[in-house]
Structures are given as structure tokens and as C-alpha cells.
Amino acid sequence: MSEDTAELEARLEEQDEFEPPAEFVSQANVSDDSIYDEFEEDWPECWERAAELLDWDESYDEVLDASNPPFYEWFTGGKLNASANCLDRHLDERGDEAAIEWVGEPTDEENRTYTYEELHREVNEFAAALKELGVGEDDVVTMYMPMIPELPIAMLACARIGAPHSVVFAGFSAEALATRMESADSEYLVTANGYYRRGDPLDHYEKTREGLGDVGHDVSDVVVVDRLGEHGHGHDLESNERYYRDLVDEQSGAEVEPVSRDAEDMLFLMYTSGTTGQPKGVKHTTGGYLAWTAWTSQAVLDVKPEDTYFCSADIGWITGHSYIVYGPLALGTTTMMYEGTPDHPERDRLWEIIEEYETTQLYTAPTAIRAFMKWGSQYPEQHDLSSLRLLGTVGEPINPKAWKWYYKHVGDESCPIVDTWWQTETGGMMVTTLPGVKTMKPGSAGPPLPGVDAQVVDPNGDEVAPGEAGYLTVQKPWPGMLRTLYQNDERYIEEYWAEYSDTQSDDMDDWVYFPEDGAKIDDDGYITVLGRVDDVLNVSGHRLGTMEIESAIVGVEGVAEAAVVGGKHDVKGEAVYAYVITEDGYDEDDEMRSRIEEGVEDAIGPIARPEQVVFTPELPKTRSGKIMRRLLEDIANGEELGNTSTLRNPDVVEDIQRKVGGD
Ligand code: WTA
């Protein structure tokens with residue numbers, strides 16, 4: 001390291017506040033601080049500003065209908081179509097511009113560009129194909145697809161005909177696919193025969209078939225994208241299965257009139273993990289969600305039509321839905337998609353892509369930044385990243401060190417960073433700095449967005465003093481919010497509202513949304529999110545339920561009981577630690593360990609694979625029989641243990657500690 005660099009590092013290390021770069025501010029979509037007051041004074045009408053970013057077939061009567069909290073309705077009476085907003089309305093001015101720039105993982109293959117014209121054409125053709133298969137308005141279509149352009153095409157085709165989509169992350173297991181299809185009563189599936197991972201063509205068809213075998217109802221049609229071509233695994237399709245390309249070719253030139261959807265009609269379902277073993281079907285609707293993703297893309301990601309914007313998330317998660325597909329396309333920009341991993345063929349793949357496409361914004365996860373940091377700054381340094389104007393992170397807390405590395409080695413100290421806190425349920429960003437307005441404080445996401453009323457409270461719901469840890473809550477509804485959990489209004493109230501609301505009241509002011517995150521707030525109103533306070537883990541920015549993992553482990557032959565907690569991990573943020581009690585007659589050996597790991601992969605997917613499986617004769621339990629998870633977490637983190645006197649069986653702790661320590 002040269003002396004200059006060392007000085008620079010030292011300076012950055014000391015600095016805990018960063019002003020938005022002047023050059024950025026001068027061109028920012030939002031650069032006036034007065035927006036915070038304006039939105040507060042004009043709430044909820046301020047959200048018309050978001051609705052105005054969309055084209056409405058019929059304008060709405062009311063911005064917010066809060067007559068039946070927490071079942072809020074936004075832009076009631078309004079009608080619109082999401083696919084028309086993401087495609088048709090851009091054709092005149094941007095028809096020849098790129099809508100999607102897709103980069104496949106293999107480097108010897110051609111990348112694909114879809115102009116708005118081309119994307120519009122293929123979405124129409126596939127919408128026609130879906131209709132011909134019998135998909136009607138409000139039928140849920142499941143997608144189990146990797147990062148290929150056919151995924152957003154299928155989503156937009158569904159949106160066009162008013163069929164909600166339910167995208168299941170391709171890395172999830174066959175079993176996870178089956179439970180989600182069943183829960184959503186979904187009779188249609190769009191999938192792919194495979195995709196590339198670190199150079200290998202993965203067989204996704206086999207897994208799909210396995211999942212379909214477990215669905216309790218009839219699945220009428222399956223559409224398969226032939227992603228692998230000659231590298232496919234030689235499967236023949238079943239009688240209810242068709243190749244995507246054949247269907248689209250049959251509909252060549254077809255046009256499908258976009259269905260005018262009610263603002264409150266469901267746009268999609270997205271399953272996510274919660275406290276219980278059953279994934280929750282989060283329901284998002286058309287008007288509020290689209291307005292929210294468009295507005296936040298514009299205000300926070302500073303998206304402009306002429307940008308080449310890159311979010312490296314997977315569309316199988318909410319970040320990809322909101323900030324690869326709907327937000328950017330609603331604004332008519334160019335959105336990028338990358339199929340593979342950032343270290344294939346080399347650890348500079350992302351930087352190579354950014355240089356080649358002259359990417360203007362990069363939105364990624366702290367776990368990726370920590371991996372880049374570990375690999376070293378020589379990789380971004382090999383490339384010209386000067387096209388970048390803004391950087392963003394999402395999904396988990398970012399530590400100041402990783403933030404500063406990102407700021408310096410990727411952004412060259414000239415790009416603001418937005419650390420955006422939000423959730424599957426919130427539809428889009430909630431807490432973050434506006435990049436053209438606010439000072440950045442590494443490690444803290446920032447103040448709530450204008451018009452968002454978030455607070456940090458104690459267990460009684462009273463605001464905590466600055467610097468004290470408490471619970472993050474949202475005091476007012478917002479357009480992008482989930483509307484309910486699919487066919488389970490009761491659980492919706494139970495999971496998100498019961499904690500801090502007067503659930504008997506029909507006054508909006510008595511209802512408070514609880515995202516189940518811990519947080520603290522500083523004197524300037526900046527919120528630092530500390531992580532989940534429920535039994536949800538955040539592994540590499542992926543949300544996983546401990547109960548789901550535990551039930552997968554208990555399903556393995558020879559396992560009597562299991563407890564899963566998160567342990568700190570340098571790159572992944574959190575890693576899965578599994579404490580397992582075996583049944584009599586089963587050996588606590590490597591064979592058992594691999595069967596447990598496989599059991600978790602089969603039930604959920606490789607992302608949930610335990611980092612460590614610790615066999616123990618007993619679990620630390622309170623006298624009332626509750627597993628002491630905190631204690632297990634402390635053990636996983638190698639931390640000093642607090643008071644164990646409430647334990648029924650204090651001896652067990654030492655035993656487990658020894659095993660985790662590896663002796
Ligand atoms: C966590 C992802 C700290 C949080 C969009 C939340 C964050 C969960 C941040 C939602 C952030 C997300 N700082 N923590 N900037 N962003 N989280 O539903 O615990 O997959 O509740 O949505 O991720 O995860 P989900």
C-alpha cells in the first residue's frame with residue numbers, strides 16, 4: 001500500500017459522516033430538504049406524487065381508505081395495468097432503447113438485450129400463450145426460475161392479463177416449491193430446465209418434477225424455458241408440459257390488451273419466512289406497490305430513463321421484484337440482470353460487467369460487499385468504474401468497515417451510498433437517506449423516507465431515548481405495504497400488528513406496524529437497524545426461519561430434537577448453527593451430520609445448510625421447558641455466557657461449548 005493510500009484509509013476510518021458529493025446533488029432527482037416537511041404536512045395526499053409517476057386508466061377517488069385498519073386501501077377506485085406501465089407507455093419515446101440488458105454466466109455465450117419494443121412484443125406473445133393455456137384473471141401462476149429474461153417476461157405477461165404471480169427462488173428446494181404452490185392453489189408453473197452456476201449447467205428440471213410430484217392438487221400446465229440447450233440433461237417433457245419457445249412462436253405477433261386492474265387487485269404473492277414453520281404468502285396489490293417502487297427508485301436510487309441500472313439481487317426475492325423489474329421498468333430505464341455468481345470465471349466479474357455496460361447505479365447486499373472486501377481491492381481496481389453515480393445496499397445491516405470499503409474502492413469517494421432498510425412486506429424502501437439531500441452515516445440506514453413515520457420504541461410502545469436499543473415500528477400506513485397474508489387475515493394481524501396496536505380500534509392512529517426488527521435511533525433521527533428480534537435468520541441477506549430449518553432436521557431419521565440459531569459469520573452475516581439430539585441407537589458421526597445437512601437442503605435449499613451441526617445429549621432449557629436460544633447464540637458466537645441459573649440443566653452448557661469450540 002502506498003503512503004497515500006494508507007493516509008486515505010486512516011482518514012476514512014476516522015470519518016463517521018459523509019456529505020453527498022456535490023456533483024451528484026447537482027443532478028439528483030431529489031435535492032431539496034423541504035420534501036420531508038412537505039410530505040408530513042400533506043400526508044397522505046403527498047403520496048399522489050408517487051401515483052403521478054404512473055399512467056392510470058381511471059384515476060382514483062381517494063388516496064387512502066383507512067376505514068378498516070389494518071386493511072388499508074390506497075388509490076381506491078383507480079384502475080391501471082402494471083405491464084402497460086412498465087412497457088406500453090414507454091414505446092413512443094424509448095421503444096428502441098434497452099429495457100433489459102441480460103448477462104449470462106458463461107462468457108462464451110452472447111448476452112441478450114431486449115429493447116422496450118422487443119420486451120413488449122415477447123410479453124404480449126407469452127401473455128397470449130398463458131391465456132390459451134387457460135390462465136384467467138386472478139389465477140395464481142407460480143414461477144420457479146433462475147435469472148433469465150424469461151422470468152421478468154413471465155411476470156409482466158401475468159400482470160398484463162391480471163394473473164398474480166408467485167415467484168419461488170430457484171435455489172429453494174423441490175419441497176419448498178410444492179408447499180408454496182399448494183398454499184397459493186396455483187395450477188400453473190413456469191420453470192426452466194436449468195441454469196449455469198460457476199460454470200456448470202445445473203439440472204433444474206429434475207428438481208421441478210420432484211416438487212410437482214408433491215403438490216396435492218392437479219397442476220394443469222407447466223411451461224419450461226430451455227435455458228441449457230445442448231448442455232441440457234436430456235429430459236423428455238410430460239404431457240402437460242410445453243417449451244416456452246414453442247408457445248411464444250405459436251403466438252408470434254399476438255397482442256393482448258392489458259387488463260385494467262383495480263388499484264387494490266393483487267399483483268403478486270411472495271412467500272417469506274416468519275416465526276412459525278409455515279412460510280407467509282405476502283400479498284401485494286397493483287396501484288400502491290407500483291407507485292411505491294417507482295417513487296423510491298426515482299427518489300432513492302436516482303433512476304433516470306437514460307441510466308443503465310444494475311441490481312445484483314435475484315428476482316426470486318423481493319429486492320429483485322421491486323428493484324430489478326417493477327420500479328426500474330415503470331420509470332423506463334435500462335435494468336440489468338446477471339445470471340451467475342460474482343466470482344465466475346474470476347473475482348472481477350461484476351466489475352467487468354459494470355465497465356462494459358457503463359453501469360450508473362449498483363444496488364447490492366452487504367454480504368456481497370464483505371466477500372468483495374475479502375477478495376481484495378485489486379479486483380475493482382482492474383476496471384474503469386467511473387460510470388457509477390450511486391451505490392446502494394439492502395438486506396442486512398452493513399458494518400462501517402464494509403461501507404467505507406464500498407465507498408472508496410467501488411465508488412471512488414464520488415458516489416453516495418444508500419443503505420436501504422425494508423422488507424418483503426413493505427414492498428419497497430422505508431428507511432434510508434435521500435442521496436441528494438442527507439448526510440450519510442456508515443452503519444446507520446438513515447431517517448425514515450419522507451411520508452414514512454417510523455419510530456424506535458420500548459416494549460410498551462413508547463419512544464426510546466437516542467442511543468438506546470428498542471424495536472422498530474411504523475406508525476402510519478404507506479402505499480407499498482402488504483395488504484394481508486394470502487387467505488389469512490388473522491395471521492396478518494397477529495404477525496404484524498397485534499404487538500403494538502389496539503386491535504379493537506378502527507382509528508388508524510391506534511394501529512402500529514411491527515416489522516420484528518430491533519433498532520436504535522440517534523439525535524438526528526437516523527435509525528440503525530440491529531437485526532431481527534423474532535426467530536428469523538439472515539444468512540447472506542436471505543431470510544430463513546429457524547423453525548423451518550428445525551422441522552427439516554427433525555424430519556431426518558434418527559433425530560430426536562433440534563434447535564437452530566444464528567451465529568455471526570464474517571461474510572454471510574449470520575450462519576446456521578444446528579444443535580441436535582439423536583435418538584438412541586444412532587451414532588453422532590459424520591454420516592449422520594451429512595444426512596442432516598442433506599435433509600435441510602432437500603427441505604429448503606442449499607442456502608439453509610448448517611455451518612455447524614453440534615450433537616448434544618440435551619438442549620439448555622428453562623425450568624418451564626423453553627429452549628434458551630440466546631444462550632445457544634452466545635455459544636455459537638464464542639461469547640461469554642451470562643446468567644445460566646434459570647436453566648433446568650446448567651451442565652449441558654459446558655458440554656455444548658466444548659463441542660462448538662472443537663475439542
Ligand atoms: C433485514 C429484504 C439492516 C431486516 C429487502 C428486515 C436490513 C429483513 C436492511 C427483511 C438494512 C433489510 N439494514 N437490516 N438496510 N434491509 N434488512 O424480507 O432484518 O428478505 O426485517 O427483505 O432484512 O428481509 P426481506
Side-chain angles (χ1 to χ4, degrees), residues 167-169 171-172 269-275 279-284 289 292-293 296-297 300-301 311-324 326-327 363-370 391-400 402-403 406 417-433 440-449 452 454 456 469 471-474 480-482 485 495-496 513-521 526-546 548 566 572-574 607-608:
V167 179
V168 179
F169 174 54
F172 273 144
L269 276 179
M270 166 119 256
Y271 281 87
T272 189
S273 295
T275 307
K280 308 186 272 197
V282 170
K283 176 182 162 182
H284 281 291
Y289 172 82
W292 194 255
T293 53
T296 47
S297 295
V300 180
L301 297 170
C311 166
S312 73
D314 192 293
I315 296 177
W317 303 93
I318 192 71
T319 304
H321 276 54
S322 301
Y323 298 111
I324 296 178
Y326 286 110
Y363 190 34
T364 191
T367 186
I369 297 166
R370 289 192 296 265
L391 304 174
T393 78
V394 57
E396 34 168 345
I398 181 164
N399 46 312
W403 192 102
Y406 194 34
I417 295 180
V418 285
D419 170 0
T420 60
W421 176 86
W422 58 289
Q423 313 180 289
T424 304
E425 291 87 344
T426 68
M429 300 160 182
M430 299 290 283
V431 176
T432 177
T433 50
M440 297 167 271
K441 302 188 190 185
S444 168
L449 281 173
V452 171
V456 180
Y471 301 98
L472 186 57
T473 51
V474 186
M481 68 195 297
L482 79 165
L485 293 176
E495 295 257 359
Y496 304 107
Y513 174 82
F514 180 40
E516 310 213 55
D517 271 315
K520 55 186 188 179
I521 190 161
Y526 276 52
I527 292 172
T528 296
V529 179
L530 301 169
R532 305 282 306 191
V533 294
D534 56 357
D535 295 327
V536 169
L537 304 186
N538 195 329
V539 179
S540 301
H542 299 322
R543 194 167 147 179
L544 301 168
T546 49
E548 290 168 72
K572 297 177 183 171
E574 266 186 313
I607 43 165

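For the numbers below, each heavy atom of this structure counts, side chains included, while hydrogens, waters and symmetry mates do not. Read the numbers this way: they start at 1 and go in the same order the structure lists the ligands and their atoms.
- Every heavy atom of W317 sits 4.0 Å or more from the atoms of ligand 1.
- Among protein heavy atoms, atom 19 (O) of ligand 1 sits closest to D517 OD1, 2.7 Å.
- The shortest contact between atom 24 (O) of ligand 1 and any protein heavy atom is with R543 CD, 3.6 Å.
- By the 3.5 Å distance cut-off applied to N or O atoms, T319 is not counted among the residues near ligand 1.
- Nearest to atom 23 (O) of ligand 1 among the protein's heavy atoms is G395 O, 3.1 Å.
- Note: an N/O pair closer than 3.5 Å links Q423 and ligand 1 by distance alone.
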### Message
Using the rule given for side chain to side chain contact (heavy atoms under 4.5 Å, CB included), can you reason through W317 versus T424, listing the C-alpha separation, both sets of side-chain angles and the distance that settles it, and then say yes or no?
### Response
CA-CA 8 Å; W317 303 93; T424 304; over 6 Å; no

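- With a 4.5 Å cut-off on side-chain heavy atoms, W292 and M430 count as touching.
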### Task
Verify ring pair (Phe, Tyr, Trp, His ring centres under 6.0 Å) between H321 and Y289, making sure each step is shown before the conclusion.
CA-CA 11 Å; H321 276 54; Y289 172 82; 7.8 Å; no

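- Of all the atoms in ligand 1, the ones that sit under 4.0 Å from a non-hydrogen atom of V394 are 5 (C).
- Looking at P397 against ligand 1, both its backbone and its side chain come within 4.0 Å, counting heavy atoms.
- Between the side chains of T420 and Y363, at least one donor-acceptor pair of N or O atoms lies under 3.5 Å.
- At a cut-off of 3.5 Å, with distance as the only test, a side-chain donor of T296 or Y323 sits close to an acceptor on the other residue.
- Of the listed options E516, R532, M270, R532 places a heavy atom closest to atom 8 (C) of ligand 1.
- Classification of R370 and E396 as a salt-bridged pair holds, one side-chain N sitting under 4.0 Å from a carboxylate O.
- The backbone N or O of I527 lies less than 3.5 Å from a partner atom in the side chain of S444, making a donor-acceptor pair.
- For R543 and E425, the salt-bridge test passes: some basic side-chain N is under 4.0 Å from an acidic carboxylate O.
- Taking any N or O of T424, backbone or side chain, at least one lies under 3.5 Å from an N or O belonging to ligand 1.
- Of all the heavy atoms of N538, the ones lying under 4.0 Å from any atom of ligand 1 belong exclusively to the side chain.
- In summary, the atoms of ligand 1 found under 4.0 Å from a heavy atom of T420, numbered by their order in the structure, are 9 (C), 11 (C), 15 (N), 16 (N).
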### Message
Assess the residue pair Y326 and S297 against the criterion (side-chain hydrogen bond (donor to acceptor under 3.5 Å, both in side chains)); give the C-alpha distance rounded to whole Å, side-chain angles, the decisive distance to 0.1 Å, and a yes or no.
### Response
CA-CA 9 Å; Y326 286 110; S297 295; over 6 Å; no

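- Every N/O-N/O distance between T393 and ligand 1 stays at or above 3.5 Å.
- Of all protein heavy atoms, the one lying nearest to atom 11 (C) of ligand 1 is E396 O, 3.5 Å.
- Within 6.0 Å of the NZ atom in K441, the count of heavy atoms belonging to other residues, nucleotides or ligands exceeds 12.
- In terms of protein heavy-atom proximity, atom 10 (C) of ligand 1 is nearest to W422 O, 3.6 Å.
- Residue-ligand proximity, V529 to ligand 1, at heavy-atom distances under 4.0 Å covers atoms 3 (C), 14 (N).
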